[in-house]
Amino acid sequence: MGLTRASSGGALLSSPIKGDPHYTVALAGNPNVGKSTVFNGLTGLRQHTGNWSGKTVSAAWGRYSYKGQEYTLVDIPGAYSLLSLSAEEQAARDYICFGGAQVTVIVCDATCLERNLDLVLQILEVTSRAVLAVNLMDEANLRGIYIDTEAVSQALRIPVVAMDARRKKGFDELKAAIAGALDAPALPKPPPIEYSPQIEAAVSIISRSIGPVLKDKLDARWASLRLLEGSPSLLDSIDEYLGFHLQAEPHVAQAFSQASELLRSQGIDGLSFRDQIVSAIYAKAGEISGNCVRQGSGAKARRQLKIDCLLTRRSTGMPVMLLLLSLIFFITIEGANFISGYLQYGLNQVGRWLDAAMIGFGAPGWLRDPLINGVWLVLSWVVAVMLPPMAIFFPLFTFLEDLGYLPRLAFTLDESFRRAGSCGKQALTMCMGFGCNAAGVVGCRVISSPRERVIAAVTNSFVPCNGRFPPPVKWQIYVVSPVSSVNIRSIISILSSGLRPISSNLFLTISKWNMLSFLAVFRRSIPFESAMTILSGWFFLIIRPPAYNFRLFCIYTSIYWPHI
Amino acid sequence: MDREVKLTDIPLMNPARIKNLKISGRMRRHLMDLGFTPGAMVLPLFSAPSGSPIAYRIRGTTVALRRSDAGQIGVLPDTETRLWD
């Protein structure tokens with residue numbers, strides 16, 4: 001398996017929105033900055049949003065209108081950088097660079113503007129028609145961080161909108177800024193970042209000869225920098241977009257060798273070239289943030305750190321984790337048993353009425369028996385047993401996710417999983433597996449290494465989802481289930497030893513605690529939606545397995561093979 | 001001037017300034033994209049029970065790195081900077 005470019009939004013470039021008569025607005029930003037909330041707020045479309053980096057792996061689009069004009073909004077996968085290598089980031093980069101959106105809206109997290117400015121500056125090198133939406137402004141103010149959006153706007157030379165998407169603040173201003181950016185005349189702007197004199201000299205050599213070749217399809221300065229940088233995947237994308245091999249053009253090739261010769265003579269090789277580029281971008285980001293952001297006392301940050309230390313310490317962190325997970329199982333199982341009983345009773349009653357009605361109409365036994373004792377009984381059984389635990393488990397899990405506990409969970413358990421050749425993020429997909437293995441397998445996309453993703457997806461079927469709990473559920477399950485999730489690492493060990501050993505890394509962005517989201521969980525329709533998706537998946541599987549998406553079929557089969 | 005040490009040698013809650021990254025390839029790119037660039041301030045915040053991974057504050061965000069990865073980042077201990085940037 002593995003995330004292909006097509007499944008991670010690479011197919012965006014060939015999506016039907018290309019050539020749309022409406023204005024196309026791209027929505028870019030780092031992961032976990034509330035991009036999906038901004039998207040939902042603008043379009044009214046419900047897309048799953050979550051406090052976990054890398055939720056939007058495939059892109060979504062929606063429409064909205066402002067002052068009579070229709071806009072198509074494309075939600076691009078979250079990316080830290082345009083110079084990166086992960087499948088999602090490549091998809092994001094390709095859309096931003098070649099997608100042909102008229103305006104790019106860049107969503108930023110006000111609580112860490114400096115980090116976000118890295119991506120902003122990179123995007124501004126590609127396109128100057130952009131709007132910066134500084135999200136989570138209220139949260140930043142609470143932390144004593146104040147951002148002078150006027151000054152940021154002047155430094156970047158683009159409109160800047162302060163907003164708080166979760167509290168529905170700033171959407172009108174954002175819509176106005178997007179419309180304004182479309183109306184503004186395209187003025188040549190100075191490049192957002194100045195590099196070292198050596199790099200600037202090399203860039204000017206190439207951009208002189210590259211300009212006529214590009215014919216305004218791409219920014220000459222940007223393309224020159226990318227040629228010098230020599231990232232194969234990006235150069236392939238550029239060639240694909242232009243329809244010819246850029247480096248093979250005689251003028252370009254000549255200028256390129258001249259420029260690389262110049263850089264080599266100054267002692268700049270491929271590695272240090274990229275280092276200088278990234279450092280220059282960060283230096284600029286630091287300068288802007290230094291001038292425009294006022295930091296407070298950090299009292300709240302210190303408080304949050306105290307919670308973190310408590311939750312990751314061995315003496316307190318592990319008991320809290322086990323207690324929390326056991327509590328979720330307790331609530332899920334006890335609550336579900338209660339509802340299941342009533343649901344089953346009710347549905348059986350309906351079954352009896354149907355049976356009586358069929359007898360009344362004089363239906364023959366060969367028709368009545370399969371319909372009532374077959375179709376109806378199975379249907380009511382599945383609904384009564386599966387629906388209640390999912391409807392309880394997933395809101396609880398979403399609550400932990402919104403709170404920000406999940407990255408801490410992955411953090412605490414990473415070492416155990418690493419020893420088994422996997423990574424801590426798998427703990428999360430396994431927890432989701434207790435709710436539903438299908439959700440757990442789909443959740444594996446948050447794991448970046450393809451090898452670890454396969455391990456997580458395959459071993460997820462060993463986690464008993466709540467539909468597979470033994471029917472008379474005893475108290476042991478509350479204790480055994482969370483512990484067994486750690487024990488499954490022995491199975492992973494066996495599996496991973498068969499796979500090619502690759503040194504693995506972990507980059508876990510630990511999001512901020514978010515205590516305000518408690519009520520938000522119940523306002524959202526995720527549990528219902530996900531339950532319906534999963535149920536409908538089963539029905540499709542029962543009705544026409546080969547015709548339905550083959551990949552989904554494989555996933556479901558892999559989940560249920562222990563039963564077969 | 002302090003001597004360069006490994007990032008993992010810095011005690012928790014002691015700031016340091018990144019000197020260089022002794023890593024290449026994909027890992028180096030990703031670290032730099034996350035803000036681990038030479039000259040950046042980094043502050044070890046807390047670690048998992050087994051001592052790995054360790055959470056670092058870098059450019060206003062918190063990123064967890066495994067001990068083996070963080071050990072390849074060379075830093076200069078910084079005693080003058082305030083704890084909260």
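Predicted model, so just to flag it, every value in this text is computed and none were measured. Just so we're on the same page: letters track the sequence lines, and every chain starts at 1.
- Only the backbone of A/Thr111 comes within contact range of chain B, with heavy atoms under 4.5 Å apart.
- Between the OG atom in A/Ser81 and the CG atom in B/Leu34 there is a gap of 9.5 Å [rounded to 0.5 Å].
- By the 4.5 Å heavy-atom criterion applied to side chains, B/Ser47 and A/Arg313 are not counted as neighbours.
- Closest non-hydrogen pair, A/Thr412 versus B/Pro49, comes out as CG2-CD, 3.7 Å.
- Using a 4.5 Å heavy-atom threshold, the side chains of A/Cys112 and B/Arg59 count as separate.
- Neither the backbone nor the side chain of A/Asn116 comes within contact range of chain B, judged by heavy atoms closer than 4.5 Å.
- Distance check: A/Glu415 CD to B/Arg67 CZ gives 9.5 Å after rounding to the nearest 0.5 Å.
- Between A/Ser279 and B/Met32 there is a side-chain heavy-atom pair separated by less than 4.5 Å.
- The CD1 atom of A/Ile277 sits 13.5 Å away from atom OG1 of B/Thr37, with the distance rounded to the nearest 0.5 Å.
- Separating the CG atom in A/Leu305 from the CE atom in B/Met13 is a distance of 5.0 Å, to the nearest 0.5 Å.
- How far CD1 of A/Ile307 is from CZ of B/Phe46: 11.0 Å, rounded to the nearest 0.5 Å.
- To the nearest 0.5 Å, the span separating CG on A/Asp308 from OG1 on B/Thr62 amounts to 7.5 Å.
- For a residue to count as touching a neighbouring chain, one of its non-hydrogen atoms must lie under 4.5 Å from one of that chain's; by this rule B/Ile54 touches chain A with the backbone only.
- Considering every non-hydrogen atom in both A/Arg115 and B/Val63, the closest pair reads NH1-CG2, 4.3 Å.
- With a 4.5 Å cut-off on non-hydrogen atoms, B/Arg28 touches chain A through its side chain but not through its backbone.
- Here B/Asp33 does not pair with A/Arg93 in a salt bridge; the nearest charged N to carboxylate O distance is not below 4.0 Å.
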